[in-house]
Enquirer: 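Provided herewith is a single structure, encoded as structure tokens, for subsequent inquiry.
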Amino acid sequence: MALNYLPLVAYFFGGAFLMNTLPHLVSGVMGRRFPSPFAKPPGKGQSSALTNFFWGFANLIVGYLLVAHVGDFDVRNWEHVGALGLGMFLIGLLTASHFSSLNGGRGPDLA
């Protein structure tokens, strides 16, 4: 029997979209500007709080659809949770690195 990898791929990208929801949705709700794909230059310039709110909410919807409506996501299945977690981890690592270069977050930690 061949394994169907489509759900695992969907869970991976669902995790990435769900993690990407956080900075945009939180910035939007807090009324703060934050880089988005719609800024000039994309991903580096600042977008309005409202743009970030909508972008974060769109990411939430896409993430939900990928996790809840592709395959049968099971929180007890380590492959399902692992794919979701890996997507979250990798996009979190990527965005932390990218945005820290824009926001001065690469300096030494101060105690």
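Count residues from 1 along the sequence. What you are looking at is a predicted structure, and each value in this text was computed from that prediction instead of being measured. Only this structure's heavy atoms are used, side chains among them; waters, hydrogens and symmetry mates stay out.
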Enquirer: Looking at Asn20 and Thr95, what are the two nearest heavy atoms and their distance?
Expert: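 Looking at all heavy atoms of both residues, the shortest contact is OD1-CG2, 4.3 Å.
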Enquirer: Starting from Phe57, can I reach Val67 by hopping between I/L/V/M/F/W/Y residues whose side chains sit under 4.5 Å apart?
Expert: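 Yes, Val67 and Phe57 fall within the same hydrophobic cluster.
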Enquirer: May I ask you to decide if the ring planes of Phe73 and Tyr11 are parallel, tilted or perpendicular, using 30° and 60° as cut-offs?
Expert: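 Judged by the thresholds at 30° and 60°, the geometry between Phe73 and Tyr11 is perpendicular.
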Enquirer: With rounding to the nearest 0.5 Å, note down the distance linking CG in Leu86 to CD1 in Ile91.
Expert: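 Atom-to-atom, Leu86:CG and Ile91:CD1 are 11.0 Å apart.
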Enquirer: Which distance, rounded to the nearest 0.5 Å, do you find between the CZ of Phe53 and the OG of Ser36?
Expert: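 If I round to the nearest 0.5 Å, the distance is 14.5 Å.
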Enquirer: Using side-chain heavy atoms (C-beta onward) and a distance below 4.5 Å, is His80 in contact with Pro7?
Expert: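 No. Closest side-chain heavy atoms not under 4.5 Å.
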Enquirer: Would you mind reporting whether His69 and Tyr64 have side-chain heavy atoms less than 4.5 Å apart?
Expert: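 Answer yes - side chains close enough.
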Enquirer: Run the side-chain contact (heavy atoms from CB on, under 4.5 Å) check on Leu90 and Phe12 step by step: do they pass?
Expert: CA-CA 10 Å; Leu90 290 178; Phe12 174 85; 3.9 Å; yes
Enquirer: Testing the basics here: between Val81 and Asp74, what is the closest heavy-atom pair and its distance to 0.1 Å?
Expert: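 Heavy atoms only, the tightest pair is CG2-O, 4.1 Å.
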Enquirer: Does the side chain of Trp55 reach to within under 4.5 Å of the side chain of Ser47, using non-hydrogen atoms?
Expert: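 Trp55 vs Ser47: side chains apart.
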Enquirer: Same hydrophobic cluster for Val9 and Phe17, using side-chain heavy-atom links shorter than 4.5 Å among ILVMFWY?
Expert: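 The answer is yes; both residues are in one hydrophobic cluster.
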Enquirer: If you take all heavy atoms of Lys44 and Pro35, which pair is closest and at what distance?
Expert: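 Closest pair (atom of Lys44, atom of Pro35, distance): O-CG, 4.0 Å.
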Enquirer: Starting from Leu8, can I reach Val75 by hopping between I/L/V/M/F/W/Y residues whose side chains sit under 4.5 Å apart?
Expert: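 Yes, Val75 connects to Leu8 through the hydrophobic network.
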Enquirer: Would you say the side chain of Leu18 lies within less than 4.5 Å of the side chain of Leu84, judging by non-hydrogen atoms?
Expert: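 Yes. Closest side-chain heavy atoms under 4.5 Å.
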Enquirer: Taking Ser27 for the side chain and His24 for the main chain, is one N or O donor matched with an acceptor at less than 3.5 Å?
Expert: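 No.
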Enquirer: In this structure, would Val29 and Phe38 fall into the same cluster of hydrophobic residues linked by side-chain contacts under 4.5 Å?
Expert: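 No, because Val29 and Phe38 fall into different hydrophobic clusters, even though each may have its own neighbours under 4.5 Å.
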Enquirer: Has His98 got a side-chain atom pairing as donor or acceptor with Gly43's backbone, closer than 3.5 angstrom?
Expert: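 Judged by distance alone, yes, a pair lies under 3.5 Å.
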Enquirer: Is there a chain of hydrophobic side chains (I, L, V, M, F, W, Y, each step under 4.5 Å between heavy atoms) that links Leu22 to Leu50?
Expert: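 Per the 4.5 Å side-chain linkage, Leu22 and Leu50 are co-clustered.
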Enquirer: Within the distance-only criterion (no hydrogens, no angle test), does the side chain of Ser100 pair as donor or acceptor with the backbone N or O of Ala96 below 3.5 angstrom?
Expert: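 Present.
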Enquirer: Measuring only between side-chain heavy atoms, which start at C-beta, is Leu25 closer than 4.5 Å to Asn52?
Expert: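 The answer is no, as the side chains (C-beta and beyond) never meet within the 4.5 Å cut-off.
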Enquirer: Should we count CZ of Phe89 as having more than 12 external heavy atoms under 6.0 Å?
Expert: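 At most 12 heavy atoms, drawn from other residues, nucleotides or ligands, come within 6.0 Å of this atom.
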